[in-house]
S.K.: 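Here you go, one structure.
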Amino acid sequence: MAEERSLNFLEEIIEEDLKAGKYTSILTRFPPEPNGYLHIGHAKSICLNFGLGIKYGGKTNLRFDDTNPVTEDTEYVDSIKQDIQWLGFNWAQELYASDYFEQLYTFATQLIQKGLAYVDDSSAEQIAIEKGTPTQPGVENVYRSRSVQENLALFAEMRAGKYADGEKVLRAKIDMASPNMHMRDPIIYRIKHAHHHRTGDAWCIYPMYDFAHGQSDSIENITHSICTLEFIPHRPLYDWCIEKLEIFPSRQYEFARLNLTYTVMSKRRLLQLVNEKHVTGWDDPRMPTISGMRRRGYTPESLRDFCDRVGIAKRENLIDVGLLEFCVREHLNKIAVRRMVVMDPIKVVITTLAEGFTELVQSENNPEEAEVTYRDIHFSREVYIEQEDFMETPAKKFFRLAPGQMVRLKSAYIIKCEEVVKDAAGNITEVRCSHVPESKTGGANAGMQVKATIHWVSAAHAVPVELRLYDRLFKVENVGAAEGDFKDYINHDSLHIIPNAYAEPALKTGTTSDHYQFLRKGYFCVDKDSTDDTLIFNRTVTLRDTWAKEQKKG
RNA sequence: UGCCCGAUAGUAUAGUGGUAGUACGACAGAUUUUGGUUCUGUACGCCUAGGUUCGAGUCCUGGUCGGGCAACCA
């Protein structure tokens with residue numbers, strides 16, 4: 001089943017480690033900070049970390065990196081857990097960096113005892129100045145030479161709450177002249193008199209990322225700690241802590257994060273979109289968040305397939321959102337139930353049928369199914385078809401309905417346009433057609449060749465529904481590379497609401513499905529805003545439309 | 001001016017010294033009671049200059065280009 005595929009560089013490393021006997025099994029982790037909702041970029045990391053665990057018979061922990069109480073919240077913890085499970089993954093253990101606060105405090109004191117950490121009384125500004133620049137070495141200050149005893153006492157006082165925020169920090173004593181800025185005596189503990197979502201008010205000092213992440217990995221015996229490229233310069237510090245503390249040597253590896261065309265992928269920017277009401281929330285169907293995509297109608301399968309196809313490497317990338325759309329179409333084509341909905345109606349009267357004529361026709365629920373099932377649809381003398389499926393003066397290569405032309409009404413009769421009725425202003429109000437008798441499925445004339453088959457809804461039986469059509473959130477491909485404020489590139493036309501589309505009754509009364517294909521229009525799902533009175537559908541993605549492409553060519 | 005990472009069709013991603021593959025996209029055609037699906041075909045690529053070698057996308061050196069690194073963020 002699994003096709004022979006080349007290994008990515010992480011799989012190669014793991015296979016070498018396993019082969020060399022370095023590990024008997026692997027343990028990875030997914031380490032989100034609970035300060036925002038997960039997006040498709042996180043999905044790539046989730047699929048990678050959990051996927052590796054599954055592929056090599058190992059396990060994967062979920063560990064919340066909650067070392068900064070002022071930005072973190074349990075609301076985010078809950079959404080993150082839900083999103084991971086929805087994607088289809090199970091963690092071995094649910095853990096929190098905050099579980100290790102006591103242990104991390106002990107690690108810090110060990111460093112102090114070894115003369116490898118010191119309490120610094122300098123202000124943030126002073127520390128920044130003394131740090132130097134990438135091209136200029138930093139300088140050592142007077143606090144750097146404090147005695148072990150003094151440092152131990154001071155650090156204990158920090159923990160005890162004797163000092164205000166920012167009054168003191170604990171720094172690792174490494175090398176103020178290092179060409180790597182992160183090695184210039186990085187701050188490892190800071191004072192924050194803040195309420196933590198899990199530890200409450202037990203602590204007023206919190207470890208920095210660099211003093212929490214690697215040690216957490218080590219405590220859990222994580223074998224392969226996988227993160228994104230921007231942490232490459234942190235790796236020497238990651239290794240330094242492990243070496244000096246003499247703890248389990250977890251190893252950090254980095255891969256390139258996902259970037260998608262026509263969207264943004266930073267939590268900061270997504271939060272801004274939410275806070276400034278450019279979207280309705282984190283789960284707005286236009287958002288690249290997992291919750292937004294779920295609401296939009298994307299399936300876990302399609303997201304996993306996408307993450308698989310984008311690959312894992314170290315070079316920066318910008319993935320065409322078209323690939324995502326391909327993945328969702330491919331999955332939805334297999335599972336979506338077919339229904340007919342007319343979005344922009346024009347009335348067709350079939351004059352050769354008796355006044356009040358009505359009958360039931362059968363149409364397949366999904367032609368892709370191994371065993372095709374059918375539903376009944378009311379057909380009658382008056383039906384709605386799409387405005388765009390009729391042209392009074394047809395364009396070249398237009399082979400839908402036009403005066404004197406024939407089309408098939410899906411699962412019903414072939415009709416021929418005989419007359420166009422207009423109002424005083426010259427607008428077309430109605431198209432009058434004749435029908436070909438015996439042209440239904442199984443009829444004597446069913447084999448007649450027509451150039452097109454169009455969808456329709458019986459006028460008398462149509463059910464009004466609301467459709468929400470989404471377009472890309474941004475107007476430019478590479479929002480990250482665009483100059484100026486990213487908000488200048490927001491597509492203000494990204495939501496188009498059709499309050500009164502006409503749907504076939506089966507949509508309301510028939511089998512309920514999570515995913516529908518509205519014939520020839522796209523894939524849709526029911527939105528949570530639906531009420532007993534009004535069904536609301538989100539368009540997940542359109543169908544491939546070669547006719548639209550043809551038209552663009554002009 | 002320092003350090004680090006990277007560079008293969010339009011976009012991604014393989015190729016581990018021996019014929020540059022794959023996917024999406026594009027284009028053309030076939031099939032189709034969805035201009036959907038499916039199928040077939042076509043076009044398009046190793047950043048650059050040297051070097052090592054019988055042979056270099058791959059190894060070495062220089063250059064160019066892109067990205068990152070100086071939050072009491074992660």
Side-chain angles (χ1 to χ4, degrees), chain A residues 3 5-8 12 31-33 35 65-68 70-72 120 123-124 127-129 131-138 165-171 178-184 187-192 205-206 208-210 212-213 227-236 254 256 261 267-268 309-320 322-327 329-330 333-334 338 340 363-364 367-368 397-400 407-412 414 439-441 446-447 449-455 477 517-522 542-550:
Chain A
E3 227 166 82
R5 239 198 37 194
S6 55
L7 303 177
N8 65 48
E12 276 177 9
E33 183 188 11
N35 67 347
D65 231 329
D66 55 351
T67 57
N68 186 1
V70 299
T71 58
E72 295 153 6
D120 192 333
S123 67
I127 288 176
I129 291 168
K131 205 151 200 173
T133 70
T135 53
Q136 272 188 311
D165 289 10
E167 215 176 315
K168 285 180 166 48
V169 292
L170 183 70
R171 291 228 252 169
S178 171
N180 182 339
M181 297 295 290
H182 296 276
M183 297 299 270
R184 317 239 266 227
I187 294 168
I188 57 178
Y189 260 93
R190 77 290 216 192
I191 300 169
K192 273 180 195 282
I205 57 171
Y206 293 92
M208 296 285 289
Y209 166 86
D210 285 310
H213 200 101
C227 60
T228 43
L229 257 29
E230 68 269 27
F231 290 98
I232 289 178
H234 293 248
R235 190 177 352 121
E254 311 86 10
T261 56
K267 275 197 246 181
R268 197 193 99 248
R309 286 172 187 266
V310 298
I312 302 295
K314 295 189 77 161
R315 73 184 86 117
E316 314 229 329
N317 58 80
L318 179 62
I319 308 289
D320 187 344
L323 180 63
L324 217 205
E325 294 178 343
F326 166 84
C327 293
R329 283 190 188 110
E330 185 170 64
N333 177 51
K334 293 191 191 111
R338 269 60 168 177
M340 294 201 283
S363 195
E364 62 269 31
E368 302 293 321
K397 291 190 185 174
F398 179 85
F399 33 80
R400 276 111 91 150
V407 293
R408 173 180 290 282
L409 295 177
K410 171 71 181 173
S411 299
I414 292 169
S439 59
K440 262 199 323 184
T441 307
Q449 292 301 307
V450 287
K451 279 192 166 169
T453 297
I454 63 176
H455 63 282
E477 260 200 349
Q517 183 196 110
F518 292 172
L519 234 60
R520 305 205 301 135
K521 299 312 291 184
T542 60
L543 256 33
R544 246 182 100 228
D545 191 345
T546 51
W547 167 238
K549 212 186 298 175
E550 187 68 38

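Order of the sequence lines sets the chain letters (A, B, ...), proteins ahead of strands, with each chain counted from 1. Bear in mind that the values here come from a model prediction, so they are computed numbers and not experimental data.
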S.K.: How many Å lie between CZ on R268(A) and P on A71(B), as a whole number?
M.R.: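 Going from R268(A) (CZ) to A71(B) (P), I get 15 Å.
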S.K.: I need the CD1-P distance between I191(A) and C73(B), as an integer number of Å.
M.R.: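 Atom-to-atom, I191(A) to C73(B), this comes out as 12 Å.
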S.K.: With hydrogens left out and only the distance checked, is there a donor-acceptor pair under 3.5 Å joining E368(A)'s side chain and the base of G36(B)?
M.R.: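 Such a pair exists between side chain and base.
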S.K.: Does K314(A) NZ have over 12 foreign heavy atoms under 6.0 Å away?
M.R.: yes
S.K.: Taking only the side-chain heavy atoms of T133(A) (C-beta and beyond), determine which of A70(B), A12(B), C5(B) contains the nearest atom.
M.R.: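 For T133(A), the side-chain atoms sit closest to A70(B).
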S.K.: Give me the one residue out of T67(A), D66(A), N68(A) that meets side-chain contact (heavy atoms from CB on, under 4.5 Å) with E33(A).
M.R.: N68(A)
S.K.: With a 3.5 Å cut-off and heavy atoms only, can you find an N or O donor on one side and an acceptor on the other between the side chain of Q136(A) and the base of U1(B)?
M.R.: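 It does not, because no donor-acceptor pair links the side chain of Q136(A) to the base of U1(B) below 3.5 Å.
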S.K.: Please classify the nucleic acid contact of V310(A) as base, sugar-phosphate, or nothing, using heavy-atom distances under 4.0 Å.
M.R.: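 Sugar-phosphate, backbone atoms only, no base.
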S.K.: For a quick check of understanding: with a heavy-atom distance under 4.0 Å over all strands, which category does I454(A) fall into, base, sugar-phosphate or nothing?
M.R.: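 Contact class for I454(A): none.
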S.K.: Go ahead and name the base partner of C65(B); Watson-Crick or wobble counts if both distances stay under 3.5 Å, otherwise write none.
M.R.: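 G6(B) - that is the nucleotide pairing with C65(B), both distances being under 3.5 Å.
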S.K.: With both distances under 3.5 angstrom, what nucleotide forms a Watson-Crick or G-U wobble pair with G55(B)?
M.R.: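 Base partner found: none.
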S.K.: Tell me the partner of U33(B), counting only Watson-Crick (N1-N3 plus N6-O4 or O6-N4) or G-U wobble (N1-O2 and O6-N3) with both under 3.5 Å; none if nothing fits.
M.R.: none
S.K.: Over 60° means perpendicular and under 30° means parallel, so tell me whether Y209(A) and H234(A) are parallel, tilted or perpendicular.
M.R.: perpendicular
S.K.: Between A12(B), G2(B), A74(B), which nucleotide has the shortest distance from any of its atoms to the side chain of Y209(A)?
M.R.: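 Selected nucleotide: A74(B).
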S.K.: Can you tell me how far P of C39(B) sits from CZ of R544(A), to the nearest Å?
M.R.: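 Rounding to the nearest Å, CZ of R544(A) and P of C39(B) are 12 Å apart.
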S.K.: When the distance from CZ of R329(A) to C1' of A23(B) is rounded to whole Å, what number comes out?
M.R.: 16 Å
S.K.: For K334(A), answer base if it contacts any base atom (sugar-phosphate contacts may also be present), sugar-phosphate if it contacts only those atoms, and nothing otherwise; contact means non-hydrogen atoms under 4.0 Å.
M.R.: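 K334(A): no heavy atom of the nucleic acid under 4.0 Å.
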S.K.: Nearest whole Å is fine: how far is G6(B) P from L318(A) CG?
M.R.: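 Between P of G6(B) and CG of L318(A): 20 Å.
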S.K.: Give a yes or no on whether a donor-acceptor pair under 3.5 Å exists between the nucleobase atoms of U34(B), that is its base, and the side chain of R338(A).
M.R.: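 Answer yes: a donor N or O sits under 3.5 Å from an acceptor.
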S.K.: Check whether any side-chain nitrogen or oxygen of R184(A) sits under 4.0 Å from OP1 or OP2 of G2(B), and answer yes or no.
M.R.: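 Checking R184(A) against G2(B): no side-chain N or O falls below 4.0 Å of OP1 or OP2.
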S.K.: With a 4.0 Å limit, can you tell me whether S6(A) has a side-chain N or O closer than that to the phosphate oxygens OP1/OP2 of U13(B)?
M.R.: no
S.K.: When you measure only distances, ignoring hydrogens and angles, does the side chain of R408(A) come within 3.5 Å of the base of U33(B) through a donor and an acceptor?
M.R.: yes
S.K.: Please check if the side chain of R329(A) supplies one atom and the backbone of N333(A) the other of a donor-acceptor pair under 3.5 Å.
M.R.: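 Here the side-chain-to-backbone pair does not exist.
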S.K.: Sort out the partner of A43(B) for me: Watson-Crick or G-U wobble, both distances under 3.5 Å, none otherwise.
M.R.: none
S.K.: Using atom CD of E72(A) as one end and atom P of C73(B) as the other, report the distance to the nearest whole Å.
M.R.: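 Nearest whole value for this atom pair: 11 Å.
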S.K.: Kindly say whether, by distance alone, the side chain of T441(A) makes a donor-acceptor pair under 3.5 Å with the base of U33(B)?
M.R.: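 Yes.
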S.K.: Which one, C5(B), A12(B), A74(B), comes nearest to the side chain of R190(A)?
M.R.: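 Among the listed nucleotides, the one closest to the side chain of R190(A) is A74(B).
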S.K.: Which nucleotide sits closest to the side chain of K314(A): A70(B), C72(B), G6(B)?
M.R.: G6(B)
S.K.: Can you work out whether W547(A) or L323(A) has the more 5'-proximal nearest nucleotide on RNA chain B?
M.R.: L323(A)
S.K.: Counting the atoms with a prime plus P, OP1 and OP2 as sugar-phosphate, which does P137(A) contact under 4.0 Å by heavy atoms, base, sugar-phosphate, or nothing?
M.R.: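 Counting heavy atoms under 4.0 Å across all strands, no contact is made by P137(A).
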S.K.: Check for a donor-acceptor pair, side chain of Q449(A) on one end and backbone N or O of G447(A) on the other, with a separation under 3.5 Å.
M.R.: yes
S.K.: Does any nucleotide pair with G21(B) by Watson-Crick or G-U wobble geometry, both distances under 3.5 Å, and what is it?
M.R.: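 Its partner is U13(B).
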S.K.: For the side chain of N317(A), counting heavy atoms from C-beta on, which of A74(B), G2(B), A12(B) is nearest?
M.R.: A12(B)
